[in-house]
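One structure is given here, and the rest of the page talks about it.
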Amino acid sequence: MESKGKATLTYGDGKSIEFPVFGGSVGPDVIDIRTLYGKTGMFTYDPGFLSTASCQSKITYIDGDKGELLYRGYPIEQLAANCDFLETCHLLLYGELPNKAQNADFVDRVTHHTMVSEQMQFFLRGFRRDAHPMAVLTGLVGAMSAFYHDSLDINNPQDRDISALRLIAKMPTLVAMSYKYSLGQPYIYPRNDLSYTANFMRMMFATPCEEYKPNEVLVRALDRIFILHADHEQNASTSTVRLCGSSGTNPFAAIAAGVACLWGPAHGGANEACLNMLQDIQAQGGVAKLGEFVAKVKDPNSGVRLMGFGHRVYKNYDPRAKLMRETCYEVLNALGLENDPLFKLSMALEKVALEDDYFVKRKLYPNVDYYSGIVQKALGIPVSMFTGIFSLARTVGWIAQWQEMISDPEYKIGRPRQLFNGSTTRQVKPIDKR
Ligand code: SDX
């Protein structure tokens, strides 16, 4: 951190206190208030952490006003165009894009960790077949900590590295197993002769009855979707992983907490909610009904939101949404679905919203979830699996952020405080006196 002078707080009867101001390599400076409570007996108050930096990080930088997203300094547009998901995983985990030899070694290590214990299939049997895949995945990821007693010492860098590899390698297998279980179909084992994403598509869509040949255009599209979802600074699920991991628990339990948080419709569950929203509008009349729907969204009493729009940080176009729309177009064209009614409806709805003052005034633009549902549906992925796919891709971001925290000498268990406005001390009366 670079010292940027002081900030002075005046409070009470003319008291004042100074706090150091620090700057990073780019982005907003921070006021270091760690001594605030000790010196003033007061807390800061920031529900939702809109103005709070919870940590230092070198992994992902977002400029919400410019609509900019960098993974370790590389613009997301360049990574999506020039790299694949495992190269991006290497970058997020180790800080650099791999050269050819490093890439081959990383791909080999991930490839040889894609199988899960045969015991896992019995764990799934405890769920109903129609359980939401995210409920199943939360359980499966948490259960992984039951299989790796030999490498759970979070203070051992080798244990941290093998746990990261196992999570990245096994998430596709677990996500595909949760899907196959919901279908009542047999699980498909991973294959070492396929790329990471082709392997996942085969585990999702192949059956033992015939050979499955992944469509390279669709594989590339899904691999890019993984890149776009890989990390995103201190979002809700990443902050959950950091807070959970700060207790010293094992990485599988911390990532399971991230999966559970991502499931929410305000977060990673938005792509499922967005597609359901588009299908509802389509069922009620499609483009002709857009005006009515947007009017409902603008009515504060309706509780209706335009899912896939808005973002806590982006007050400009989410750069991932642009890339997702391009990918959507490519996939629909490759499949001869360029007239897909939902895609046309989503673009019409985007146009209406971006020209409406309600959205313009609130700087509400499409986010990563707005188009991802349409392209995943075109890839044959069912709506209920969208957030599982998001979890698969975000696992590398979660585990990279967890690693950064655990190896940060400054880290300590997270423990926020509160402004208490409940009952002050009162005496218990015997039940017959209450
Ligand atoms: C992800 O944090 C991350 O980085 C997350 C993520 C990642 O990669 O990890 O980017 C992934 O979670 C993307 C966001 C997916 N969620 C959705 O698409 C759900 C719909 N959007 C929202 O509910 C909302 O926009 C949030 C939750 C994303 C952001 O909410 P904020 O920043 O807390 O903003 P807010 O709820 O305070 O809204 C500000 C105003 C309000 O209106 P007023 O009270 O001022 O009149 O904008 C309105 C809101 O009602 N508003 C919306 C809206 N989003 C905000 N109105 C209609 N439709 C929306 N989608």
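Side chains are part of it too, since the values below use all heavy atoms of this structure and drop only hydrogens, waters and symmetry mates. Treat the numbers as computed from the prediction; the structure is a model and nothing was measured. Just follow the structure's listing: the first ligand is 1, and inside any ligand the first atom is 1.
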Evaluation steps, side chain to side chain contact (heavy atoms under 4.5 Å, CB included), between Asn235 and Arg312 | CA-CA 9 Å; Asn235 59 84; Arg312 174 61 58 75; over 6 Å; no
How are the rings of Phe359 and Phe309 set relative to one another: parallel (under 30°), tilted (30 to 60°) or perpendicular (over 60°)?
-> perpendicular
Present, as a list of atom pairs with distances to 0.1 Å, all nitrogen or oxygen contacts under 3.5 Å between ligand 1 and the protein.
{"unit_1": "ligand 1", "atom_1": "4 (O)", "unit_2": "His232", "atom_2": "ND1", "d": "2.6"}
{"unit_1": "ligand 1", "atom_1": "4 (O)", "unit_2": "His311", "atom_2": "NE2", "d": "3.2"}
{"unit_1": "ligand 1", "atom_1": "8 (O)", "unit_2": "His232", "atom_2": "ND1", "d": "3.4"}
{"unit_1": "ligand 1", "atom_1": "8 (O)", "unit_2": "Arg320", "atom_2": "NH1", "d": "2.6"}
{"unit_1": "ligand 1", "atom_1": "8 (O)", "unit_2": "Arg394", "atom_2": "NH2", "d": "2.7"}
{"unit_1": "ligand 1", "atom_1": "9 (O)", "unit_2": "Arg394", "atom_2": "NH1", "d": "2.8"}
{"unit_1": "ligand 1", "atom_1": "9 (O)", "unit_2": "Arg394", "atom_2": "NH2", "d": "3.4"}
{"unit_1": "ligand 1", "atom_1": "10 (O)", "unit_2": "His232", "atom_2": "ND1", "d": "3.4"}
{"unit_1": "ligand 1", "atom_1": "10 (O)", "unit_2": "His311", "atom_2": "NE2", "d": "2.6"}
{"unit_1": "ligand 1", "atom_1": "10 (O)", "unit_2": "Arg320", "atom_2": "NH2", "d": "2.8"}
{"unit_1": "ligand 1", "atom_1": "12 (O)", "unit_2": "His267", "atom_2": "O", "d": "3.4"}
{"unit_1": "ligand 1", "atom_1": "12 (O)", "unit_2": "His267", "atom_2": "ND1", "d": "3.0"}
{"unit_1": "ligand 1", "atom_1": "16 (N)", "unit_2": "Ala266", "atom_2": "O", "d": "3.0"}
{"unit_1": "ligand 1", "atom_1": "18 (O)", "unit_2": "Gly308", "atom_2": "N", "d": "2.8"}
{"unit_1": "ligand 1", "atom_1": "18 (O)", "unit_2": "Asn367", "atom_2": "ND2", "d": "2.9"}
{"unit_1": "ligand 1", "atom_1": "21 (N)", "unit_2": "Phe309", "atom_2": "O", "d": "2.9"}
{"unit_1": "ligand 1", "atom_1": "23 (O)", "unit_2": "Arg305", "atom_2": "NH1", "d": "2.6"}
{"unit_1": "ligand 1", "atom_1": "32 (O)", "unit_2": "Arg312", "atom_2": "NE", "d": "2.9"}
{"unit_1": "ligand 1", "atom_1": "33 (O)", "unit_2": "Arg312", "atom_2": "NE", "d": "3.4"}
{"unit_1": "ligand 1", "atom_1": "33 (O)", "unit_2": "Arg312", "atom_2": "NH2", "d": "2.8"}
{"unit_1": "ligand 1", "atom_1": "36 (O)", "unit_2": "Arg305", "atom_2": "NH1", "d": "3.1"}
{"unit_1": "ligand 1", "atom_1": "36 (O)", "unit_2": "Arg305", "atom_2": "NH2", "d": "3.0"}
{"unit_1": "ligand 1", "atom_1": "42 (O)", "unit_2": "Arg362", "atom_2": "NE", "d": "3.3"}
{"unit_1": "ligand 1", "atom_1": "46 (O)", "unit_2": "Arg362", "atom_2": "NE", "d": "3.2"}
{"unit_1": "ligand 1", "atom_1": "46 (O)", "unit_2": "Arg362", "atom_2": "NH2", "d": "3.1"}
{"unit_1": "ligand 1", "atom_1": "50 (O)", "unit_2": "Arg305", "atom_2": "NH2", "d": "3.1"}
{"unit_1": "ligand 1", "atom_1": "56 (N)", "unit_2": "Tyr358", "atom_2": "OH", "d": "2.9"}
{"unit_1": "ligand 1", "atom_1": "58 (N)", "unit_2": "Leu306", "atom_2": "N", "d": "3.0"}
{"unit_1": "ligand 1", "atom_1": "60 (N)", "unit_2": "Leu306", "atom_2": "O", "d": "2.8"}
{"unit_1": "ligand 1", "atom_1": "60 (N)", "unit_2": "Phe309", "atom_2": "O", "d": "2.9"}

Please determine if Arg362 forms a cation-pi arrangement with Tyr358, meaning its NZ or CZ atom is less than 6.0 Å from the six-membered ring centre and no more than 45° off the ring axis.
-> yes
Give every residue pair that meets the side chain to side chain donor-acceptor pair (under 3.5 Å) criterion with at least one member in residues 375-386, sequence neighbours excluded.
-> none
Would you tell me whether Glu404 and Gln56 have side-chain atoms, one donor and one acceptor, within less than 3.5 Å of each other?
-> no
Contact check, side chains of Asp408 and Cys55, non-hydrogen atoms, under 4.5 Å = no
